[in-house]
Amino acid sequence: MNQNISNLYQIAQKETRTIIGLMSGTSLDGLDIALCEISGSGKETVVKLREFVTVDYTEDIKIEIRKVFAKKTIDFEHLILLNEWIGILHAQMINDSLKKWNIASSAVDLIASHGQTVLHAPKFLHRQEKFTNATLQIGDGDHIAVKTGIITLSDFRQKHIAAGGEGAPLAVYGDYFLFGQKGENRIMLNMGGIANFTYLPASLNADEAFVTDTGTGNTLIDLFVKHNYPEKSYDKDAEIAQQGTVNQILLDHLKDNEFFRQEFPKTIGPELFGYHYVETALSKSGQNQITVPDLLATLTRFSAETIAEAIEISVKNTTHKIQDFKIYISGGGANNPLLVKWLKELLPCQFHKSDELGIPSDAKEAVLFAVLANETVSGKAFDFGTKEGIPSVTMGKISFPD
Ligand SMILES: Nc1ncnc2c1ncn2[C@@H]1O[C@H](COP(=O)(O)OP(=O)(O)OP(=O)(O)O)[C@@H](O)[C@H]1O
Ligand SMILES: CC(=O)N[C@H]1[C@@H]2OC[C@@H](O2)[C@@H](O)[C@@H]1O[C@H](C)C(=O)O
């Protein structure tokens, strides 16, 4: 038997596996690295987060990714160069982090790499009948396996699409296993570049669990902060937006998009919620002369209202009242005081940070990929029922170091 297969077989049988989960999201801020000890699988999964770090992307990395990020027309050669380069960079970031933590690569069983999403094209966006949902994450797993010497699972989203999904959100697979709690209706709301939430029913009935993107989280806020203040990358603590007033006319135009009228579940990315989206709303509403603080206040309100409305609509489809739900927030947007204040005003639920459930909010998505790899190696395709958007599959392609 090939030694790699034998190693994998042994890893699958271990009581506890050491798995590094990696996530680099739509905000392009850096690579999240979560070193996890994982035992069990499915609902019996137990995760202990041993180490976590976000390795910031340098300006050079951000510039290179932005050349292809969420763009329909790109330099094709640049894309394939980046596919290899990001894999090599991520491997270096893992090796450096392991060194800092004083952990040998031989002590790590698996790496679970999300890669860098460069384009997300659900059918709703590309609208080409003969083509299916599509998404692309780059940073090839073979490079990570060879450069770290650790078996690597990567490219998780393709199986989801192959089995009928849109390739996202995958959060439900981790949220249900780790945070489902009998007797408590939970909403796990992640506000990254794009916002999404998982509904975890108090019954723990997997058939009722649900996940969807809601629209923009921070992506438009970040974009217009960078555009107006080149030295800043985001509106820290909503300092600028808090000086502004929401422009209701512009807000109405921002909310008037087919995406918000589509049925749930749905997924989206910065391909829709980009510069052009806001420019169009500004010109259609005749509000081009808006001040920067008013624009940022309006974009923050846009995120808050679309998140709240998506949650309200989804809750109406359950047998529960919104007051019966606890919302656990995570992602960078959970640190935006204005966004959180407005959400609290719009949704009469109890709000908590997902940190209270034992996983730091910043680490949650990287941990999710470690859990997905654990399931692929040691669990099974978990059955979430027949509803759309959560196919019963295990995910990730396996790369051996040699
Ligand atoms: N103190 C803060 N005040 C306001 N906004 C903040 C603060 N801290 C973080 N953010 C926002 O959070 C963003 C980063 O969020 P996060 O790292 O969760 O996104 P991501 O994982 O890249 O996105 P996604 O989950 O969509 O892939 C920043 O770009 C910024 O907009
Ligand atoms: C295609 C893609 O990378 N989507 C991300 C993005 O960031 C947030 C939201 O849009 C979510 O759908 C997804 O990531 C999380 C980890 C998910 O799949 O659950």
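Counting convention: from 1, in listed order, for ligands and their atoms alike.
For ligand 1, the polar-atom distance check finds no N/O of Lys236 at less than 3.5 Å from any of the ligand's N/O atoms. Considering both main-chain and side-chain atoms, Tyr234 never comes within under 3.5 Å of ligand 1 through any nitrogen or oxygen pair. Distances between N or O atoms of Ile194 and those of ligand 1 include at least one value under 3.5 Å. Inclusion of Thr117 in the set of residues having an N or O under 3.5 Å from an N or O of ligand 2 is warranted. At under 3.5 Å, a nitrogen or oxygen of Arg157, whether backbone or side chain, sits near a nitrogen or oxygen of ligand 2. Here's the thing with Ala238: none of its N/O atoms is less than 3.5 angstrom from an N/O atom of ligand 1.
The aromatic rings of Tyr176 and Phe382 are tilted relative to each other, their planes meeting at an angle between 30° and 60°. Classified by interplanar angle (parallel below 30°, tilted 30° to 60°, perpendicular above 60°), the ring pair Phe210/Phe197 is tilted.
At a heavy-atom distance under 4.0 Å, no atom of Asp32 approaches ligand 1. Looking at Asp235 against ligand 1, only its backbone comes within 4.0 Å, counting heavy atoms. With a 4.0 Å cut-off on non-hydrogen atoms, Asp222 touches ligand 1 through its side chain and not its backbone.
Residue Lys123 qualifies as enclosed at atom NZ: its count of foreign heavy atoms under 6.0 Å is above 12.
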**OP:** Evaluate the ring pair (Phe, Tyr, Trp, His ring centres under 6.0 Å) criterion for residues Tyr328 and Phe179: first the C-alpha distance (whole Å), next the side-chain angles of each, then the deciding distance (0.1 Å), finally the verdict.
**Re:** CA-CA 10 Å; Tyr328 291 86; Phe179 307 123; 8.0 Å; no
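For atom 8 (N) of ligand 1, the candidate residues are Thr117, Asn335, Val340, Val225; the nearest heavy-atom contact is made by Asn335. Taking only non-hydrogen atoms, the option from Gly25, Gly193, Ala171, Gly217 nearest to atom 23 (O) of ligand 1 is Gly193.
Which parts of ligand 2 touch Leu170 is read off a 4.0 Å heavy-atom cut-off, strictly below it: atoms 17 (C), 18 (O), 19 (O). Taking every non-hydrogen atom of Ala168 and a distance limit under 4.0 Å, the qualifying atoms of ligand 2 come out as 12 (O). Of all the atoms in ligand 2, the ones that sit under 4.0 Å from a non-hydrogen atom of Thr135 are 1 (C). Those atoms of ligand 2 with a heavy atom of Ala171 less than 4.0 angstrom away are 17 (C), 19 (O). Atom numbering of ligand 2 starts at 1 in the shown order; those under 4.0 Å from a heavy atom of His114 are 3 (O).
In this structure, the separation between OG on Ser113 and CD1 on Ile144 is 3.5 Å, given to the nearest 0.5 Å.
Counting only N and O atoms by type, the side chains of Gln116 and Ser24 include a donor and acceptor under 3.5 Å apart.
Using a 4.0 Å cut-off between charged side-chain N and carboxylate O, Asp109 and Arg17 make no salt bridge. Ion pairing between Lys353 and Glu356 fails under the 4.0 Å rule for side-chain N and carboxylate O. We find that Arg261 and Asp256 are joined by a salt bridge, their nearest charged nitrogen and carboxylate oxygen being less than 4.0 Å apart. Using a 4.0 Å cut-off between a side-chain N of Lys or Arg and a carboxylate O of Asp or Glu, Glu345 and Lys341 qualify as a salt bridge. A salt bridge links Lys255 with Glu309: the distance from a Lys NZ or Arg NE/NH1/NH2 to an Asp or Glu carboxylate oxygen falls below 4.0 Å.
Taking a 4.0 Å cut-off on heavy atoms, Ile221 fails to register as neighbouring ligand 1. Under a 4.0 Å heavy-atom criterion, Thr267 is not in contact with ligand 2.
Looking only at protein heavy atoms, the nearest one to atom 9 (C) of ligand 1 is Gly332 O, 3.4 Å. Ranking the protein heavy atoms by distance from atom 1 (C) of ligand 2 puts His120 ND1, 3.3 Å first. Among all protein heavy atoms, the one lying closest to atom 24 (P) of ligand 1 is Thr26 OG1, 3.3 Å.
Remark: Lys266 qualifies as a cation-pi partner of Phe264 under the 6.0 Å distance and 45° angle criteria applied to the six-membered ring.
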